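Written below as structure tokens is the structure these notes are about.
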Amino acid sequence: MNITRETKLAELLREYPWLREEIVKVNEKFSILNSPLGKIMEKKATISEMSKKSGMDEDVLIEKLAELIRVHS
């Protein structure tokens with residue numbers, strides 16, 4: 001899967017269900033995904049929005065996610 005700033009978190013989690021637990025390694029703020037509010041947010045959130053909420057640069061976030069996927073595969 002090609003991850004871009006417009007990629008939706010829901011798409012990533014559908015493709016890589018294990019990512020829900022592992023994404024905290026990228027930024028601890030993503031632990032919210034395991035809460036009821038996080039489950040609502042994940043349906044609409046894009047990489048760009050995740051970048052803004054976490055304070056991470058979009059390119060860094062994309063690279064970290066891609067790295068997690070490579071390591072896990």
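Every value quoted in this text rests on a predicted model; they were computed, and no experiment measured them. The analysis underlying the following values was restricted to heavy atoms, covering all of them including side chains, and did not include hydrogens, waters or symmetry mates.
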Any chance you could measure [X], atom [atom1], to [Y], atom [atom2], to the nearest 0.5 Å?
{"X": "Thr7", "Y": "Met1", "atom1": "OG1", "atom2": "CE", "value": "6.0 Å"}
{"X": "Leu19", "Y": "Ile69", "atom1": "CG", "atom2": "CD1", "value": "6.0 Å"}
{"X": "Ser51", "Y": "Asn27", "atom1": "OG", "atom2": "CG", "value": "10.0 Å"}
{"X": "Glu11", "Y": "Ile3", "atom1": "CD", "atom2": "CD1", "value": "10.5 Å"}

Going through the checks in order, is the side-chain contact (heavy atoms from CB on, under 4.5 Å) test met by Lys29 and Lys53? CA-CA 8 Å; Lys29 290 182 180 180; Lys53 296 285 184 186; over 6 Å; no

Closest non-hydrogen atoms of Thr4 and Ile62, given as atom of the first, atom of the second and distance, are C-CD1, 3.8 Å

Apply side-chain contact (heavy atoms from CB on, under 4.5 Å) to residues Tyr16 and His72 and explain how you reach the verdict. CA-CA 10 Å; Tyr16 311 104; His72 196 272; over 6 Å; no

Show me the side-chain donor-acceptor pairs of residues 37-47 shorter than 3.5 Å, one per line, residues at least two apart or across chains.
from: Glu42; atom 1: OE1; to: Arg20; atom 2: NH1; distance (Å): 2.6
from: Glu42; atom 1: OE1; to: Arg20; atom 2: NH2; distance (Å): 3.1
from: Glu42; atom 1: OE2; to: Arg20; atom 2: NH2; distance (Å): 3.0
from: Thr46; atom 1: OG1; to: Ser48; atom 2: N; distance (Å): 3.4
from: Thr46; atom 1: OG1; to: Glu49; atom 2: N; distance (Å): 3.2

Exceeds 12 heavy-atom contacts within 6.0 angstrom, atom CD of Glu6: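 It does: Glu6 CD has more than 12 such atoms within range.
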
Would you check if Leu61 and Phe30 make a side-chain contact, meaning some heavy-atom pair closer than 4.5 Å? yes

Take Lys64 and Lys25 through the side-chain contact (heavy atoms from CB on, under 4.5 Å) test and state the conclusion after the steps. CA-CA 9 Å; Lys64 294 286 186 184; Lys25 294 178 182 176; over 6 Å; no

Checking Leu9 against Leu33 for the side-chain contact (heavy atoms from CB on, under 4.5 Å) test, could you report, in this order, the C-alpha distance in whole Å, the side-chain angles of both residues, the deciding distance, and whether it holds? CA-CA 10 Å; Leu9 177 59; Leu33 294 176; 3.4 Å; yes

